[in-house]
Each structure stands twice: as C-alpha cells, then as structure tokens.
Amino acid sequence: MPSGEYLRYVALGDSQTEGLGDGDDTAGLRGWADRLAEHLAAVNPGLRYANLAVRGRVADQVRAEQLGPALALRPDLATVVAGVNDLLRPRFDAAEVAVHLEDMFAALTGAGAHVVTLTFPDVGKIAPLARPVRSRVFDLNARIRAAADRHNVTVAETGRHAVATDPRLWSADRLHASPLGHERIAAAVAHAIHLPGSDDAWTLPLPPQAVPVGRQALAAELRWAAAFLGPWLGRRPRGQSSGDGRTAKRPQLLPLSAAPGSPADTGQWESS
C-alpha cells in the first residue's frame with residue numbers, strides 16, 4: 001500500500017514503543033510510535049492509531065498479549081519491536097526470541113498489514129558495562145533480518161548507523177531513547193517505508209561534544225550502575241517487572257486528536 005494511504009496503524013512492543021524516555025507517566029508519554037503516527041497523519045489526516053505496547057514485556061509476552069488484539073484491529077501498517085528485555089536476562093535464546101517475532105510477522109503480513117521492525121544498536125557503546133551482551137544483539141539482529149526477509153517485512157536499520165549509539169539519543173538509564181532518540185527512530189521508520197517528505201537525515205551524526213574519559217568516565221559508569229543497573233537487577237530474582245499491572249496506553253484505533261476514553265472512542269468501529 002502506498003504510504004500515503006495508511007489508515008490504520010497499530011504498534012506492538014515494549015517500553016521503547018510505549019514511549020519511555022519521551023515524556024513521563026504524569027504528563028504522558030510520546031515516543032517514536034506516536035511521532036511516527038504524527039508523520040503518517042500529516043500525509044493522511046484520516047489515520048487512526050493504536051499503541052498496544054507495554055513496558056517490561058519480553059517477546060513471547062508481546063506475541064501472547066498483543067498479537068490477537070492487533071489482528072482484531074485489522075491494521076494496514078503495524079510495527080513490531082521486541083527482544084531487548086529478552087537479551088538483558090541471564091537466560092537468553094536468540095532463536096526462541098526470533099520465533100516469537102517471526103510468528104508476529106507472519107500473522108500480521110498474512111492479514112494484509114505492511115509490517116515494519118527495527119534492528120538494535122550496539123549496547124556496549126551505549127553502556128560499557130553492557131559489553132558482555134553485545135554478541136546477543138548482533139545475533140538477534142541477524143535473525144530479525146532473516147525473519148523479516150522471509151515475510152516481506154520492512155527493516156529500519158537503526159542498528160547499523162553510528163549515530164544510534166550517541167549518548168544524546170539515550171535517556172539517563174541508557175536503556176530507553178531520549179526525546180531526540182525517539183525522534184530519530186520515528187524518522188528512520190518513516191524513511192524505511194518511503195513516507196513522503198522523509199529522507200536519510202536521521203542517519204547524520206550530531207555535532208561533536210566532549211566525552212568523559214578516565215576517572216570521569218569511571219565515575220559516570222558507577223553512578224549509572226547504582227541508579228539504574230542495581231535496581232533493575234534487584235527486581236529479577238523477585239520476578240518483578242516495570243510493566244506489572246500495566247495495560248496498553250492506546251488500545252483502540254483513534255484519530256491522533258482523540259485520547260483514549262474520549263467521546264471519539266466509540267469502541268465499535270475500530271475492529272469492524
């Protein structure tokens with residue numbers, strides 16, 4: 001379908017697609033999927049958009065919880081981004097994660113949707129303490145590309161461009177994109193689907209800036225570990241997730257001007 005004719009966009013995924021790092025739970029989250037929907041609506045004001053993503057979800061949870069509702073909404077465009085929460089866990093099976101992703105690719109493309117996914121950047125360049133999982137990222141990216149190729153899924157190659165690891169594109173926790181990072185991801189997806197007005201400017205590097213070295217760099221790593229890595233690791237043995245008790249922020253297809261629960265949400269036409 002020509003990108004200017006998309007009418008029903010549904011986003012599936014975890015915290016990145018939900019929009020963490022771009023806004024907050026009080027003022028509201030924006031995120032790259034919301035930003036992409038804005039780009040789409042500028043081309044086609046008739047666009048309806050749903051975001052089923054929930055923070056903390058691993059790939060099999062995204063498939064189990066979001067695929068059915070997504071299919072019921074009959075999207076003509078769907079984004080599927082999951083796997084980061086899997087690769088950060090002690091037990092990680094790239095093949096298993098790829099199976100869950102491929103199941104979603106197959107089901108959504110089989111239902112007539114144009115499906116788009118992403119590759120992931122080198123986490124070792126974003127957080128040096130995460131270097132031990134670099135090989136996992138590369139393995140998962142290769143499997144994503146292969147599965148996408150089998151199902152004619154578009155891949156926005158955010159993992160192949162150096163700018164993706166610029167610290168300014170990441171929030172303080174180094175796991176979620178900053179507002180600028182979400183902006184770049186949205187632009188990458190728009191470019192991948194050849195949305196009118198998009199280009200490859202998202203790949204361009206930012207102006208140079210001073211980078212901490214030596215003791216300053218070490219101190220920054222220790223502060224990050226204490227503030228973010230420690231609490232994250234502490235939740236794992238207790239089986240806790242940041243998404244416990246949470247549901248999708250935008251479960252129905254709505255115009256961008258309508259918030260969930262507003263009078264514009266009829267609750268019927270979205271899945272008809």
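Just so it is clear, the structure is predicted and the values come from calculations on it, not from any experiment.
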- Message: Please determine whether a side-chain nitrogen of the Lys or Arg among Arg184 and Asp166 lies less than 4.0 Å from a carboxylate oxygen of the Asp or Glu.
- Response: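 Result for this pair is no, no salt bridge flagged.
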- Item | Presence of salt bridge, Arg160 and Asp122, under 4.0 angstrom |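 Salt bridge flag = no for Arg160 with Asp122.
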- Task: Identify which one of Thr154, Thr79, Val189 satisfies the side-chain contact (heavy atoms from CB on, under 4.5 Å) criterion when paired with Leu118.
- Result: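 Exactly one pass, corresponding to Val189.
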- Item | Qualifying residue, where the test is side-chain contact (heavy atoms from CB on, under 4.5 Å) with His151 and the options are Leu101, Leu108, Thr109 | Thr109
[X] and [Y]: which non-hydrogen atoms are nearest, and at how many Å?
X: Leu12; Y: Ala53; result: C-CB, 4.4 Å
X: Ala113; Y: Pro75; result: CB-O, 3.4 Å
X: Arg57; Y: Arg246; result: NH2-O, 3.5 Å
X: Val54; Y: Thr247; result: CG2-C, 3.8 Å
X: Tyr49; Y: Arg250; result: O-NE, 2.8 Å
X: Val43; Y: Pro196; result: CG2-O, 4.1 Å

Just by modelled atom types, is the [Y] backbone N or O under 3.5 Å from a matching donor or acceptor in the [X] side chain?
X: Asp14; Y: Gly56; value: no
X: Arg63; Y: His100; value: no
X: Asp76; Y: Arg8; value: yes
X: Thr119; Y: Asn141; value: no
X: Trp170; Y: Ala164; value: yes
X: Glu18; Y: Arg55; value: yes
X: Thr117; Y: Val80; value: yes

- Message: salt bridge (charged side-chain N to carboxylate O under 4.0 Å, His left out) for Arg145 and Glu157? Distances and angles first, verdict last.
- Response: CA-CA 9 Å; Arg145 294 181 185 109; Glu157 288 283 7; 2.7 Å; yes
- Indicate yes or no: at least one non-hydrogen side-chain atom of Leu206 is less than 4.5 angstrom from one of Leu169. yes
- Which of Arg35, Arg30, His182 passes side chain to side chain donor-acceptor pair (under 3.5 Å) with Asp22? Answer is Arg35
Sequence neighbours excluded, which residues qualify as side chain to side chain donor-acceptor pair (under 3.5 Å) partners of [X]?
X: Thr17; answer: none
X: Gln61; answer: none
X: Glu96; answer: none

- Given the rule that I, L, V, M, F, W and Y join up when any side-chain heavy atoms are under 4.5 Å apart, are Trp202 and Val116 in one cluster? no
- Task: Using the rule that two of Ile, Leu, Val, Met, Phe, Trp, Tyr join whenever any of their side-chain heavy atoms come within less than 4.5 Å, decide whether Leu88 and Val97 are in one cluster.
- Result: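 Yes.
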State the [atom1]-[atom2] distance between [X] and [Y], to the nearest 0.5 angstrom.
X: Leu140; Y: Asp86; atom1: CG; atom2: CG; answer: 8.0 Å
X: Thr165; Y: Lys125; atom1: OG1; atom2: NZ; answer: 5.5 Å
X: Leu29; Y: Leu20; atom1: CG; atom2: CG; answer: 5.5 Å
X: Tyr9; Y: Asn44; atom1: OH; atom2: CG; answer: 15.0 Å
X: Arg150; Y: Phe105; atom1: CZ; atom2: CZ; answer: 10.0 Å

- Query: Would Asp25 and Lys249 count as a salt bridge (charged side-chain N to carboxylate O under 4.0 Å, His left out) if you check the C-alpha gap in whole Å, the side-chain angles of each, and the deciding distance to 0.1 Å?
  - Reply: CA-CA 10 Å; Asp25 288 326; Lys249 69 176 185 180; over 6 Å; no
- Task: Inspect the surroundings of CG in Asp200 and state if more than 12 heavy atoms from other residues, nucleotides or ligands are less than 6.0 Å away.
- Result: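 Atom CG in Asp200 is crowded, with more than 12 foreign heavy atoms closer than 6.0 Å.
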- Residues Met104, Val62; criterion side-chain contact (heavy atoms from CB on, under 4.5 Å); working and verdict: CA-CA 9 Å; Met104 290 186 276; Val62 175; 3.7 Å; yes
- Item | Full working for side-chain contact (heavy atoms from CB on, under 4.5 Å) between Leu254 and Arg48 | CA-CA 5 Å; Leu254 297 171; Arg48 264 62 176 172; 5.5 Å; no
